[in-house]
Amino acid sequence: MKPIRVFKFGGASVKSAGAIRNLANIVKRFSTENLVIVVSAMAKTTNALEEVLMYWMNADLTAMNTKLKEIKQFHLNEALDLVEGDSNHLLIADLQTLFNQLETQFGQAPTKGYDFHYDQVVSFGELFSTRIVSHYLNFIGIANTLVDARRCLRSDTSYREGVIDETTSRLLCQREFDFSSANIFLTQGFIAGTEVGTTTTLGREGSDYTAAILANLLDAQDVTIWKDVAGVLSADPKIFSNAVKLSFVSYQEAIELAYCGAQIIHPKTIKPIQNKKIPLYVKSFMEPDAQGTIIAHSDTPVKLPPVLVLKRNQVLITLSPRDFSFVIEDCLSKIFALLYKHRIKVNMVHNSAINFTVCVDNDKLRLGDALEEMKHEFAVRYNSNLELLTIRHYTPEIIENFIGNRVVYLQQRTRSTARFVMDAS
């Protein structure tokens, strides 16, 4: 059997009918190979569905229906463009069926927690986009089989952060991706299914992780993530000038960058491919012939320029025991148990004799409850509207250039990494 290759196309690469045509041109180049194509929701759809969910949970049905109608019209318009205005095409009927299923969920008040309903609603973004892409590829003669990711990736019920059962998923994938019957399969990123028939999501930007876990389970030759940038860059060009492309990044470096908040890949992406030494290519869907970046195994350190990662909307929390006892093992275990309970993502940690400080994402839905519970046992202080700047492979000149006179609340430096929590610029 020919080697299997996994392609992942993100929201920007399917943001419109024109973008989907470009995707098809890339797929056409590889149409004789064994491909698994992972597709994200169309650009901004996840955010839009989050709005719909919030309106529903707040019982603002007028705003909910207005936003839902807007999402529906957008997808139908792009789909009609792709099938040359044929309103009788099966794609239009399929989309209508999906929207009917989504609207059915809103027929009654929410009965469970936010995380559960989030996954049942927001997952439709990927269901819409993959229907459109699959039908369009078939429409122009690129035969493909659409696989529902919920049938091949089995997760637990950790809604919004589903944990994949690799053993069961491997068996399901071998059944669903039958390369003896077809050579191009298309599926959703970001979503998985549970034993009880519900949908989970794998964390924001989780489509990268979907591609990586499928590559692992199917023993793929490589993974290519198609993006709107030339590859892995030394900084976000929308924030920093003079960003340069990195031609090669080791698995270890990629994990460090992802952990620090680099948006180029999902933090969980590297482990599944590193375990089997599967190379990951990051390439531009606008320049498919360009070299891009390869992320792979390296036995020797690779010299890199300073790499900057900026995380916005951060909160710095300082906890102090009310009896002024030392922050030692028992106290730390309570704090981390609280953070884990509320699923608060910790980006930086610092502790002294009687203070414990963390920098976390400002997840308003989770952080408020966590802070209230912390106040039962600790004196709590916090600052919001902060930024966390990480500089890998820093130099004194780079630090001076980007920190300057800004107010820094917390900083840490190791041999290769400097991190600064500071007021938003």
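Small disclaimer: the values here were computed from a predicted structure and weren't measured. Throughout, numbering of the chain's residues begins at 1 and tracks the sequence.
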*Mind checking side-chain hydrogen bond (donor to acceptor under 3.5 Å, both in side chains) for Arg175 and listing every partner two or more places apart, or none if nothing turns up?*
none
*With a 4.0 Å cut-off, would you call Lys341 and Asp369 a salt bridge?*
no
*With side chains defined as the heavy atoms from C-beta onward, is the minimum distance between Thr390 and Leu257 less than 4.5 Å?*
no
*asked:* Quick check for you: to the nearest 0.5 Å, what is the distance between Leu171 atom CG and Glu176 atom CD?
replied: 12.0 Å
*With distance as the sole test, does Arg419 use its side chain to make a donor-acceptor pair with the main-chain N or O of Asn347 at under 3.5 Å?*
yes
*NZ of Lys15: more than 12 outside heavy atoms within 6.0 angstrom?*
no
Check residues 108-115 and write down every donor-acceptor pair under 3.5 Å in which the side-chain atom is one partner and the other belongs to a residue at least two apart or another chain.
{"residue": "Asp115", "atom": "OD1", "partner": "Arg160", "partner atom": "NH1", "Å": "3.3"}
{"residue": "Asp115", "atom": "OD2", "partner": "Arg343", "partner atom": "NH1", "Å": "3.2"}
{"residue": "Asp115", "atom": "OD2", "partner": "Arg366", "partner atom": "NH2", "Å": "3.3"}

_So that I can tick it off, tell me whether Arg150 and Asp119 are bridged by a salt bridge, with the cut-off set at under 4.0 angstrom between side-chain N and carboxylate O._
no
_Main-chain N/O of Gly292 paired with Lys245 side-chain donor or acceptor, under 3.5 Å_ = yes
_Neighbour count >12 (heavy atoms, 6.0 Å) for atom CD, Glu287_ = no
*How long is the span from the CD atom in Gln101 to the CG atom in Leu127, to the nearest 0.5 Å?*
8.0 Å
*For this output row, return yes or no: ring centroids of Phe402 and Phe240 closer than 6.0 angstrom.*
yes
*asked:* For Val27, is there any backbone N or O sitting under 3.5 Å from a side-chain donor or acceptor partner on Ser31?
replied: no
*Would you say the side chains of Ser169 and Arg154 form a donor-acceptor pair under 3.5 Å?*
no
*For Thr201 and Phe190, indicate whether the former's side chain and the latter's backbone hold a donor-acceptor pair under 3.5 Å.*
no
*Should we say atom CZ of Arg151 is surrounded by more than 12 heavy atoms from elsewhere, each under 6.0 Å from it?*
no
*Take Phe99 and Phe124, measure what ring-ring contact (aromatic ring centres under 6.0 Å, His included) needs, and give me the verdict at the end.*
CA-CA 8 Å; Phe99 274 101; Phe124 272 85; 8.0 Å; no
*Look only at the side chain of Asp156 and the backbone of Ser158, and say whether a donor-acceptor pair between them is shorter than 3.5 Å.*
yes
_I'd like to know if the side chain of Lys2 and the backbone of Phe179 have a donor-acceptor N/O pair within less than 3.5 Å._
no
*Begin with the C-alpha distance, continue with both residues' side-chain angles, and end with the deciding distance and a verdict on side-chain hydrogen bond (donor to acceptor under 3.5 Å, both in side chains) for Thr194 and Thr198.*
CA-CA 5 Å; Thr194 69; Thr198 55; 2.7 Å; yes
*asked:* Tell me if the OH atom of Tyr382 is crowded by more than 12 foreign heavy atoms within 6.0 Å.
replied: no
*Which of these, Phe285, Phe9, Tyr136, sits in a side chain to side chain contact (heavy atoms under 4.5 Å, CB included) with Leu23?*
Phe9
_Non-neighbouring partners of His117 that pass side-chain hydrogen bond (donor to acceptor under 3.5 Å, both in side chains), sequence neighbours left out_ = none
*Would you call Arg381 and Asn355 a side-chain contact if the rule is heavy atoms closer than 4.5 Å?*
yes
*Are Arg312 and Ile239 side-chain neighbours, meaning at least one heavy-atom pair lies under 4.5 Å?*
yes
*asked:* Are more than 12 heavy atoms, taken from residues, nucleotides or ligands other than Lys276, located less than 6.0 Å from that residue's NZ atom?
replied: yes
*Gap between atom CD of Glu70 and atom NE2 of His75 - 0.5 Å precision*: 11.0 Å
*Should we count CE of Met286 as having more than 12 external heavy atoms under 6.0 Å?*
no
*Answer yes or no: does atom CG of Asn100 have more than 12 heavy-atom neighbours from other residues, nucleotides or ligands under 6.0 Å?*
yes
*Are His393 and Glu253 close enough, and set up right, to give a side chain to side chain contact (heavy atoms under 4.5 Å, CB included), and what steps lead you there?*
CA-CA 11 Å; His393 317 293; Glu253 183 68 26; 3.1 Å; yes
*Out of curiosity, Met64 CE to Glu51 CD, how far, rounded to the nearest 0.5 Å?*
13.0 Å
_Leu365 and Met54, any side-chain heavy atoms less than 4.5 Å apart_ = yes
*asked:* Can a donor-acceptor pair be found, under 3.5 Å and without considering hydrogens, that links the side chain of Ser155 to the backbone of Gly162?
replied: no
_Pairing donors with acceptors under 3.5 angstrom, does anything connect the side chains of Asn144 and Asn138?_
yes
*Establish, yes or no, whether a centroid distance under 6.0 Å links the rings of Tyr55 and Phe106.*
no
*Could you go step by step and tell me if Gln314 and Asn362 meet the side-chain hydrogen bond (donor to acceptor under 3.5 Å, both in side chains) rule?*
CA-CA 5 Å; Gln314 299 293 291; Asn362 188 8; over 6 Å; no
*So, for Phe7 and Phe30, is the gap between ring centers shorter than 6.0 Å?*
yes
*Should the pair Lys345 and Tyr259 be classed as cation-pi, given the thresholds of under 6.0 Å to the six-membered ring centre and 45° from the axis?*
yes
*Mind checking the CE-CD1 spacing from Met374 to Ile344? Nearest 0.5 Å is all I need.*
6.5 Å
*Return yes if some donor-acceptor pair links the side-chain N/O of Asp81 with the main-chain N/O of Asn77 below 3.5 Å, else return no.*
no
_Consider side chain to side chain contact (heavy atoms under 4.5 Å, CB included). Of Leu90, Ile132, Leu91, which one does Val83 pass it with?_
Leu91
*Indicate yes or no: at least one non-hydrogen side-chain atom of Trp226 is less than 4.5 angstrom from one of Pro288.*
yes
*Verify the neighbour count for atom CD of Gln412: are there more than 12 heavy atoms of other residues, nucleotides or ligands below 6.0 Å?*
yes
*Are the side chain of Glu126 and the backbone of Ala41 linked by a donor-acceptor contact shorter than 3.5 Å?*
yes
_Side-chain heavy-atom pair Lys28, Ile142 within 4.5 angstrom cut-off_ = yes
*Taking only Lys NZ, Arg NE, NH1 and NH2, and the carboxylate oxygens of Asp or Glu, determine whether Asp423 and Arg406 approach each other closer than 4.0 Å.*
no
*Taking atom CZ of Phe185 and atom OG1 of Thr145, what is their separation to the nearest 0.5 Å?*
4.5 Å
